[in-house]
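The structure appears right after this line, and notes come after that.
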Amino acid sequence: MPLWTLRPLRRPQAVFAAIAVVLAGSLAALTWRVVEQDRAIDAQRRGDELARSASAIETALVQLRSRVEERLELAVAGGGPAADTIAGLASAEAAAVVFDGGTIAVTPKGAVLYVPDAEYARSAGDDRFETGERHEFQDGDFAAAAAFYRAAAAASEPARRGGALLRLGRVQIKANARREALATYQELIALGPMPIEGIPADLLGREARLDVLRALGRDDERAREASELARDLESGAWQLPRSTYLFYRDRIGVTNRPGGSAAFAAALEGAWREWRRRATDDRFRLATTIDGNSDPTLVFARGTRQRLAVLLATPAWLRSQLSATLTSLSSGFVEVALADDKGGRILGGRDPQPGTARIERAVPALGWTIAVTSAVPPEVRDQQTARRRLLFASSLLAIGLVLLASYAVGRSIARELAVARLQADFVAAVSHEFRTPLSSLRQLTELLSDGRVSDDARRTVYYQRLQRETERLQRLVEGLLDFNRIEAGAHEFRFDTFDAAEFLGDLARDFTEEAESRAHRLDGRIPPARVIVRADREALGRAVWNLLDNAVKYSPNGTAVSLTLAETDGSVRIVVQDDGLGIPSDQQSRIFQKFVRAPGHSGIRGTGLGLTMALAIARGHGGDITVSSEVDRGSVFTLTLPAVAQPGIADVAVRARVS
Ligand code: ADP
């Protein structure tokens, strides 16, 4: 019976399988939890890092604001060159502006495209040119007017000179003396940005020249001068009030959008208006952002009733002020975004990438919000992945080992149980083997001792049966003892050189007597020639007897059994063939193991030891036993022994073992 079909073995295997599955499942669950925890720790670490980063930025922002306000405070309180006080904070990306009474100081120069209108100091009309203007407008005497203005233009005071040159140019145009007018305006330009009735002299001169050049048809020259003038106007160098700036822009025909300093100008105007609105406030204070067309402008301002100090800055300035803090944040994988109270973006603010962590924090001192995002650096992500893979792999290995170990233990237990079962079967079989001859012996002895058999002939038959049963019992006991000895390696073969043909002939005769009683025919094919072998007679006899006995036992229909002896190629073959039950092919190699019996043969008496012993004997002689069989067709067992060419070789004792 194959091991795996033994019923009682199923349960321990199932128990082991269940334990293995529970263990493996627990291991898998444990691994999963460890990985989850690992992830949670990573997330926690990143969260901490983000919080640290946000705090660092908040601190830097608050410090920056105090620094700015300190400077603004100084500028407002200190008087003197106040703009310079804030200038330390100004850079290409920032501007400091101080309003003090009627003056405006901008650092750096041209940083704002225009200034708020009302603050620009306007001078009243100049009545020193009354005489000339009377000639010009009332009398229409341009020559007299020109002479007057020309004389006035010789004055040493620049403002008077400028006013005279402006009027001279005008009257020269009226008098159709355009070329002279051009020269006059050139003189005016030479006076530089000195204001004439609030407008820089050079701006007045350059703008006036454009009209004259057009009237003269000198278009190329005009175009060149116009573009130069537009460039200078857009540079903010003249610090014009807003309406004047717009007027000249229009006059020159500038159509493109105002440049970068327009944003500062607009922001400045906003702050200035707010300051004016709260004109009675002696502690005016402002920190805000003003949205331009693209980037917002940061505005910090402090003011008293008389003075206002403003710092205008771009987000780039803020970034540069915070750069030390920003670069200190972990390896560039942290991104910082700042939004103002209206949600406008001041810094950064790209939408977070997937897989990034993000926190937001309000900065109440400024009304801003900091958002910090951090992406996991690739090398860190690789490390994490590698760590988790390692964990999974080792857990898989552990699970595999658990399953393997459970399988091995389960299997060996199943084997032990199978062996125990085989042994139990063996004990039952042996008991049965003993019981049959023993009960025959008892019956015969009882019959004979009671003197109930009076017929001499019958008595002789009974005695012969008594003898046969005794011999069978003896064979059984000796067989078991021999088996024990052979298994323990303690059996010594007594080798003898003899003629196998004669030996087998005798054995066949002895066996026929028994076989006949079971209605079997033994077909002996023993060659007449001598076949010399070197063997232990008794052991060889037991082995061949076993084969013959099996052939008879497993041929229940009484079919013929043949015993053949042949010598070929230096080996002697003793072949026992039957036409009986046969052996399934998957059992043919197993039947040589002790206690193993082919399935379906359990109804036939047997111990499962005969073949084991026969094989041990054959191997002990340097030979072997092979089987070829087909179910319901019969079996052929071939016992091979080495042939001995020369008789008379010395007998040697050889130890044999059941393999
Ligand atoms: P047993 O005492 O059971 O015959 P053996 O060791 O002699 O023990 O044989 C082992 C098993 O091999 C047998 O139980 C039987 O199933 C099978 N077997 C041996 N010889 C034959 C045969 N000639 N025909 C069919 N089956 C055989």
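Please read these numbers as outputs of a predicted model, since none were measured by experiment. One-based numbering, in listed order, for ligands and for the atoms of each. Nothing fancy with the numbering, it's 1 onward along the sequence.
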Going by the order shown, which atoms of ligand 1 are within less than 4.0 Å of some heavy atom of [X]?
X      : answer
Gly606 : 1 (P), 2 (O), 3 (O)
Ser635 : 22 (C), 24 (N), 25 (C)
Leu611 : 5 (P), 6 (O), 7 (O), 9 (O), 10 (C), 12 (O), 19 (C)
Gly610 : 5 (P), 6 (O), 7 (O), 8 (O)
Val596 : 10 (C), 11 (C)
Ile591 : 10 (C), 11 (C), 12 (O)
Lys553 : 1 (P), 2 (O), 4 (O)
Leu609 : 6 (O), 8 (O)

For [atom], what's the nearest protein heavy atom and its distance?
atom                    : answer
atom 27 (C) of ligand 1 : Tyr554 CD1, 3.4 Å
atom 7 (O) of ligand 1  : Asn550 ND2, 2.7 Å
atom 23 (N) of ligand 1 : Asp578 OD2, 2.8 Å
atom 2 (O) of ligand 1  : Thr607 N, 2.8 Å

Does the separation of the ring centres of Phe434 and His432 fall below 6.0 angstrom?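 Centroid separation for Phe434 and His432: 6.0 Å or greater.
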Give the ring-plane orientation class for Phe511 versus Trp545, where under 30° counts as parallel, over 60° as perpendicular and anything between as tilted. perpendicular
Is the closest side-chain donor-acceptor distance between Arg361 and Ser55 under 3.5 Å? yes
Scan side-chain atoms only and decide if Glu379 and Gln383 contain a donor-acceptor pair under the 3.5 Å cut-off.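 Glu379 vs Gln383: no donor-acceptor pair found between side chains.
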Is Ile583 near ligand 1, meaning one of its heavy atoms is under 4.0 Å from it?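 Yes, Ile583 has heavy atoms under 4.0 Å from ligand 1.
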Would you call Phe592 a ligand 1 contact, heavy-atom distance under 4.0 Å?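 Per 4.0 Å heavy-atom rule, Phe592 does not contact ligand 1.
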Closest to atom 17 (C) of ligand 1 among Gln587, Arg597, His601 (heavy-atom distance):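 Looking at heavy atoms only, His601 sits closest to atom 17 (C) of ligand 1.
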Could you go through Gln587 and Arg590, starting from their C-alpha distance and side-chain angles, then the distance that decides it, and tell me whether this counts as side chain to side chain donor-acceptor pair (under 3.5 Å)? CA-CA 5 Å; Gln587 297 294 316; Arg590 297 190 62 240; 3.1 Å; yes
Donor-acceptor pairs are to be reported for all side-chain atoms of residues 635-644 against protein atoms at under 3.5 Å, with residues two or more places apart or in another chain.
{"unit_1": "Ser635", "atom_1": "OG", "unit_2": "Ser629", "atom_2": "OG", "d": "2.9"}

Could you tell me whether Arg465 and Glu469 make a salt bridge, using a distance below 4.0 angstrom between a side-chain N and a carboxylate O? no
Run the salt bridge (charged side-chain N to carboxylate O under 4.0 Å, His left out) check on Asp38 and Arg33 step by step: do they pass? CA-CA 8 Å; Asp38 190 51; Arg33 281 213 57 177; over 6 Å; no
Any N or O of Leu581 that comes nearer than 3.5 Å to an N or O of ligand 1?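 Leu581 vs ligand 1: no N/O contact under 3.5 Å.
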Are any of the N/O atoms on Arg605, whether in the backbone or the side chain, positioned under 3.5 angstrom from an N/O atom of ligand 1?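 N/O-N/O distance below 3.5 Å does not exist for this pair.
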May I ask you to test the Leu611-Leu547 pair for a side-chain heavy-atom distance under 4.5 Å?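 Contact flag for Leu611/Leu547 side chains = yes.
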Go through it in stages, so that I can follow the logic: the residues are Asp624 and Arg573, the test is salt bridge (charged side-chain N to carboxylate O under 4.0 Å, His left out), and I'd like the CA-CA distance, side-chain angles, deciding distance and then a yes or no. CA-CA 10 Å; Asp624 200 3; Arg573 293 189 299 131; over 6 Å; no
Under 3.5 Å, side chain of Asn557 to main-chain N/O of Thr559, donor-acceptor pair present? no
